[in-house]
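Working notes, structure below.
All figures in this text were calculated on a predicted structure; none of them were measured in a lab. What you see below is based on every heavy atom in this structure, not just the backbone, and it leaves out hydrogens, waters and symmetry mates.
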Amino acid sequence: MKLSKIYDPREMNSYQFVATTGLVMTLLAHLILALIGKSVNNFSALYICWAVFFTLGTIANFRRNPNDHDHHHHH
């Protein structure tokens, strides 16, 4: 089990990358909302969605090509 598939963007699959980007955007949006004094109902539910999305992406990533360590250079 390569743990770098969780934190290294080069090892992430597209689901993990989208979830990470979404999480960052959600955090930024939350900060902006806090700065302008607005709140959105159920906004924090987005964090749960991104976490689930990332977790599913991570599971898919670990299941994909367990023997193929060098998946960036196909011949």
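- Counting only heavy atoms from C-beta outward, the side chains of Thr58 and Lys5 never approach each other to under 4.5 Å.
- For the pair Phe54 and Ile6, the minimum side-chain heavy-atom distance is below 4.5 Å.
- In this structure Phe17 satisfies the ring-ring contact (aromatic ring centres under 6.0 Å, His included) test with no other residue, sequence neighbours excluded.
- Hydrophobic clustering places Leu3 together with Met12 (ILVMFWY residues linked when any side-chain heavy atoms are closer than 4.5 Å, directly or through intermediates).
- Cluster annotation: Val52 and Val18 are assigned to distinct hydrophobic clusters (Ile/Leu/Val/Met/Phe/Trp/Tyr, side-chain heavy-atom contacts under 4.5 Å, transitive).
- In this structure, the separation between OG1 on Thr26 and CG on Leu31 is 11.0 Å, given to the nearest 0.5 Å.
- Atom SG of Cys49 is separated from atom CG of Asn42 by 10.0 Å, given to the nearest 0.5 angstrom.
- Between Leu27 and Tyr47, the closest side-chain pair of non-hydrogen atoms falls below 4.5 Å.
- Side-chain contact between Tyr15 and Leu56: absent, with no pair of heavy atoms (C-beta onward) separated by less than 4.5 Å.
- Under the 4.5 Å side-chain heavy-atom criterion for grouping Ile, Leu, Val, Met, Phe, Trp and Tyr, Leu46 is connected to Leu33 within one hydrophobic cluster.
- A pairwise comparison of heavy atoms in Asn13 and Ala60 identifies ND2-CB, 4.1 Å as the closest pair.
- The cluster map of Ile, Leu, Val, Met, Phe, Trp and Tyr, joined by side-chain heavy atoms under 4.5 Å apart, puts Trp50 and Val40 in the same cluster.
- Side-chain heavy atoms closer than 4.5 Å link hydrophobic residues (I, L, V, M, F, W, Y) into clusters, and following such links, even through other members, never connects Ile36 to Leu28.
- Formation of a donor-acceptor pair under 3.5 Å by the Asn61 side chain with backbone atoms of Gln16 is not found in this model.
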